[in-house]
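Worksheet: one structure, shown below.
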Amino acid sequence: MSASDPPGDAGLFEPPPSAQAGDGDDGGLARIEGVVERIVYENEANGFFVARLQESGKPDLTTIVGHLLAVSPGETVRVWGHWENDPKFGPQLRIARYQTILPATVKGIEKYLGSGLIEGIGPVYAKRLVDTFGVETFRVIEEAPQRLKSVPGVGKKRAEQIRKAWERQKAVQSIMVFLQGHGIGVNQAVRIYKRYGDGAVALLRDNPYRLAQDISGIAFKTADRIARELGVPADSPKRGQAGLLHVLQEAASEGHVFLPKPGLFERTAELLNADAPSGENAAIGPAALDAPLESLAAAGQAVCEESADATCAAAVYIKALYDAETACARDIKHLLRCPGPPVSIKTDKAIEWVERRHSIALSPQQRQAIETAALAKVMVVTGGPGTGKTTVVNSLLAIFEAKGLNILLCAPTGRAAKRLEETTNREARTLHRLLEFSPKFGQFMRNADNPVAADVVIVDETSMVDVSLMAGLLAALPREARLFLVGDVDQLPSVGPGHVLFDVIAGNTVPVVWLQTVFRQAAESGIINNAHRINEGVYPEFNAKDFFFVERTAPAKALETVVELAARRMPARFGLDPIRDIQVLTPMRRGEGGVARINEALQEALNPDGEPVTRKGFRVGDKVMQTRNNYERDAYNGDVGVIELVDTEVQEVQVDFGGRKVLYPFDELEDLALAYAATVHKSQGSEYRAVVLPLLSQHYMLLQRNVIYTAITRAREYAVIVGDPKAVRMAVSNSRVTKRHTRLAERLRGKT
């Protein structure tokens, strides 16, 4: 759309008559048909279109938006979808499905062929073809292409080119019809074709479960439904393999690196039986999954590892996670064996020099950390807030730099890297930047064959590093390099699979220094004092300075109070920016005290008049979070920014991530979520001036000590808990942490 194409008065009132939903048996979708006059915008990478359609008998053009494939001006299309009223351009139909219809008139055929859709035919040759064959033109191209040579200027080569282009165009349309006919939306159908090409139908008939593995957004249940429609039996080995992989991937999203074989079989059988069609009585038992698992292992997709302990079940891994975990153990052992840079450090003098230079007095544990680091190849420094981890890092930096060593600082997220820069006054990079991830090749460009140039690598916030990222880092380290892992092991583990920092400590292979002394300045903070109390299982002591409690037992009242505090009271009392400085954190996603409901309420309180984006309920001015790593856009899981601009003409929004501007096409907005409130897990590695934490009895499933501990340690100046005292007690007393299935510690101890 452009400003020169106003939508007319229809944009102010009801959609035009053709926009009324419920045409015939269309499942409540609006249906329109017309000739594509022009393409306003097209993203060739994903098939996203904005087009203007001329409906028969309508004076104005109709705007259609969505995913189309191989559609050009001049084509007649029938489109089903939902009407949206764009605030700038008026009504537009968002496509749910479509089909192309070949024109039947001489004028329509000429326009269709002249659009450039068929390679080898432009406006000139389109006119010549129609002048020669009239309404029979399409039949001649398809059934008697040799007759094309009778057209002036069309020789043998051009005739063959036209024939092949026509066949390809028909193949694309037949694939799209097949996919849409099996309930696959246009968006996903375009992505499937982009992935598989002309062989899409044959591939899906052979194994429709490939969809769940290859196409993001298509889950096992969707692939399973398509498989049934194609006649795949419930006890098919391919179905068993797909079910096993789905459960393993689901477990990885829960943080597990593997699943014990009995548990895997039990979960998979439950999945397959739950999704079996009615009338099929033969339940799939765990024993029936041995053969599919063996097939996965033979195909290199899974690994089944027997335990050295006869009392433990075999562990089943996705192959990539098995490789990552074994590589972590192997490379840590290699680092420990290889000598480091030939540097002699006299620790007593070095410690005196650091204390004098920085005008500090190191604690015995901090001194121990420096003494250990002088000799260690790999080392862990862990401790709670206020125990001096940053002081240890800065001391080591000063000593190693004085010795002429090349030091690299890194952290798992952009926010954590920025904090590390601020506390050290030195450049710090995210691990992905350090390892130079390539979206083109889908891998790190820094590896064993192309290691990073460093004598010392310091990783901050290591509790957030999952097993795959740690494997990538270890592979890229020169064998003579020293590696220092810094983090708080009592915080929540990584979002991704593994429990790396915990496992490295438990492996008893590398030296670990625990910092436990809380320094006087830190001890004056109610936040830090209470973090340590909570970590020891002691109920917190609230105050009127920086650590507050507001009792609200009813969820609706708690929500109302959270919004009042974050949007009005705290900004007024402490001079805080409600979007930049205050973060609401919550254990849950759903319910009155969950992320979704709080975000909805805070959006209305803080940004009621923002220009609508029309997708996902976003508005210009909204605080949003990236929810998965997008290497092409240099946006990573957990990055927080603000929507600055929306361009409805080209269907894009611009997000400002702290000075870094990122453009998102509308069809990639699934990667963003409102971030006025976030889960505690998503807040790892971040620090905010103020945190508001609702804790309610309805959160009981996630009322754990490490959840409340992680939440309040994100606050730098003010922390407020809103909720039920009983819920707080429950969280503080619950030190039980869901055990993640990993074997890294065992591998480091040599027990596997």
Between L693 and I708, is there a side-chain heavy-atom distance shorter than 4.5 Å? yes

If we ignore angles and hydrogens, is there a donor and acceptor under 3.5 Å between the side chains of Q491 and Y709? no

What pair of heavy atoms forms the shortest contact from P694 to V692, and how long is it? CD-O, 3.7 Å

List for me each residue that meets salt bridge (charged side-chain N to carboxylate O under 4.0 Å, His left out) alongside R195, sequence neighbours excluded, and say none if there are none. D214

With sequence neighbours left out, what residues match R533 under salt bridge (charged side-chain N to carboxylate O under 4.0 Å, His left out)? E541

Using distance only, find each side-chain donor-acceptor pair of residues 432-442 under 3.5 Å and give its atom names and separation, not counting sequence neighbours.
{"unit_1": "H432", "atom_1": "NE2", "unit_2": "Y631", "atom_2": "OH", "d": "3.4"}
{"unit_1": "R433", "atom_1": "NH2", "unit_2": "D634", "atom_2": "OD1", "d": "3.4"}
{"unit_1": "R433", "atom_1": "NH2", "unit_2": "D634", "atom_2": "OD2", "d": "2.4"}
{"unit_1": "E436", "atom_1": "OE2", "unit_2": "R446", "atom_2": "NE", "d": "3.1"}
{"unit_1": "E436", "atom_1": "OE2", "unit_2": "R446", "atom_2": "NH2", "d": "3.3"}
{"unit_1": "S438", "atom_1": "OG", "unit_2": "K440", "atom_2": "N", "d": "3.4"}
{"unit_1": "S438", "atom_1": "OG", "unit_2": "F441", "atom_2": "N", "d": "3.2"}

Heavy atoms from other residues, nucleotides or ligands near NZ of K418 exceed 12 (cutoff 6.0 Å): no

With E294, which residues qualify under salt bridge (charged side-chain N to carboxylate O under 4.0 Å, His left out), at least two apart? none

Distance-only polar pair, side chains of D455 and N406, donor-acceptor under 3.5 Å: no

Distance, nearest 0.5 Å, that separates CD1 of I458 from CE of M379: 9.5 Å

Taking only residues two or more places apart in sequence, or in another chain, which ones meet V247 in a side-chain contact (heavy atoms from CB on, under 4.5 Å)? L259, L264, R267, T268, L271

Close side-chain approach of I407 to L397, heavy-atom, < 4.5 Å: yes

With Q365 via side-chain contact (heavy atoms from CB on, under 4.5 Å) - residues at least two apart: S363, L515, Q516, T517

Closest heavy-atom pair and its distance - R482, A374: NH1-O, 3.0 Å

Identify, with sequence neighbours excluded, every residue that meets salt bridge (charged side-chain N to carboxylate O under 4.0 Å, His left out) alongside D331. R479

Go through the structure and list residues passing side-chain contact (heavy atoms from CB on, under 4.5 Å) with T423, not counting sequence neighbours. T390, L420

Looking at every heavy atom in both T627 and E670, which two are closest together, and how far apart are they? OG1-O, 3.8 Å

Any side-chain heavy atom of L477 sitting closer than 4.5 Å to one from P451? no

Enclosure of E371 CD (heavy-atom neighbours >12, cutoff 6.0 Å): yes

Is the closest side-chain heavy-atom distance between R415 and E687 below 4.5 Å? no

Give a yes or no on whether a salt bridge exists between E325 and R747, defined as a side-chain N under 4.0 angstrom from a carboxylate O. yes

Passes side-chain contact (heavy atoms from CB on, under 4.5 Å), V640 versus V624? Steps please. CA-CA 6 Å; V640 174; V624 293; over 6 Å; no

Give the intermediate values and the outcome of salt bridge (Lys or Arg N to Asp or Glu O under 4.0 Å) for residues E461 and R419. CA-CA 10 Å; E461 297 285 0; R419 284 181 60 202; 3.3 Å; yes

Measuring from atom OG1 of T391 to atom CD of Q366, what distance do you get when rounded to the nearest 0.5 angstrom? 5.0 Å

Flag the pair D488 / P385 as yes when at least one side-chain heavy-atom distance between them is below 4.5 Å, and no otherwise. yes

Do the side chains of I534 and V732 get nearer than 4.5 Å, heavy atoms only? yes

Go through the structure and list residues passing side-chain contact (heavy atoms from CB on, under 4.5 Å) with A745, not counting sequence neighbours. D503, A506, R749

Short question: side chain of N599, backbone of A677 - any donor-acceptor pair under 3.5 Å? yes

Return each pair, listed once, that meets ring pair (Phe, Tyr, Trp, His ring centres under 6.0 Å) where at least one residue sits in residues 473-494; pairs must be two or more places apart or across chains. F400-F484

Keeping T462 on the side-chain end and V486 on the backbone end, is there a donor-acceptor pair under 3.5 Å? yes

Stepwise, does the side-chain contact (heavy atoms from CB on, under 4.5 Å) test hold for E305 with R743? CA-CA 11 Å; E305 181 184 62; R743 282 187 171 174; 2.9 Å; yes

Relative to the ring of Y209, is the ring of F220 parallel (under 30°), tilted (30 to 60°) or perpendicular (over 60°)? parallel

Side chains of F265 and L244: does their closest heavy-atom pair fall under 4.5 Å? yes

Throw together a table of side-chain donor-acceptor distances under 3.5 angstrom for residues 463-474, partners on residues two or more places apart or in other chains.
{"unit_1": "D466", "atom_1": "OD1", "unit_2": "S468", "atom_2": "N", "d": "3.2"}
{"unit_1": "D466", "atom_1": "OD1", "unit_2": "L469", "atom_2": "N", "d": "2.9"}

N734 side chain to L703 backbone, donor-acceptor under 3.5 Å: yes

When every non-hydrogen atom of V316 is compared with those of C304, the smallest separation belongs to CG2-SG, 4.0 Å

NZ/NE/NH1/NH2 to OD/OE distance under 4.0 Å, D235 and R239: no

Identify the residue among L674, V584, L585 that makes a side-chain contact (heavy atoms from CB on, under 4.5 Å) with I598. V584

Heavy-atom pair with the smallest gap, counting every atom of P292 and P237: CB-O, 4.0 Å

Can Q249 and Q213 be said to form a side chain to side chain donor-acceptor pair (under 3.5 Å), step by step? CA-CA 10 Å; Q249 288 165 343; Q213 303 302 316; 2.8 Å; yes

Test side-chain contact (heavy atoms from CB on, under 4.5 Å) on L485 and V381; report intermediate values, then the result. CA-CA 6 Å; L485 305 177; V381 178; over 6 Å; no

Does the pair D639/K682 count as a salt bridge with the N-to-O cut at 4.0 Å? no

Before you tell me yes or no, could you show the steps for H532 and V518 under side-chain contact (heavy atoms from CB on, under 4.5 Å), namely the whole-Å CA-CA distance, both residues' side-chain angles and the distance that decides it to 0.1 Å? CA-CA 9 Å; H532 288 278; V518 179; 3.4 Å; yes

When you compare the side chain of K726 with that of S697, does any pair of heavy atoms fall below 4.5 Å? yes

Can you name the closest pair of heavy atoms from G723 and L696 and give their distance? CA-CD2, 4.0 Å

Note: R633-E668 ion pair, threshold 4.0 Å (strictly below): yes

More than 12 non-hydrogen atoms from neighbouring residues, nucleotides or ligands closer than 6.0 Å to OH on Y688, yes or no? yes

Has the side chain of K319 got a donor or acceptor atom that lies under 3.5 Å from a matching backbone atom of G300? no

With a 3.5 Å distance limit and no angle check, can you tell me whether H256 reaches the backbone of H741 through a side-chain donor-acceptor pair? yes

Under a 3.5 Å distance rule, please check whether N535 uses its side chain to pair with a backbone N or O of A531 as donor and acceptor. no

Among all residues two or more places apart in sequence or in another chain, which pass the side-chain hydrogen bond (donor to acceptor under 3.5 Å, both in side chains) test with Q241? none

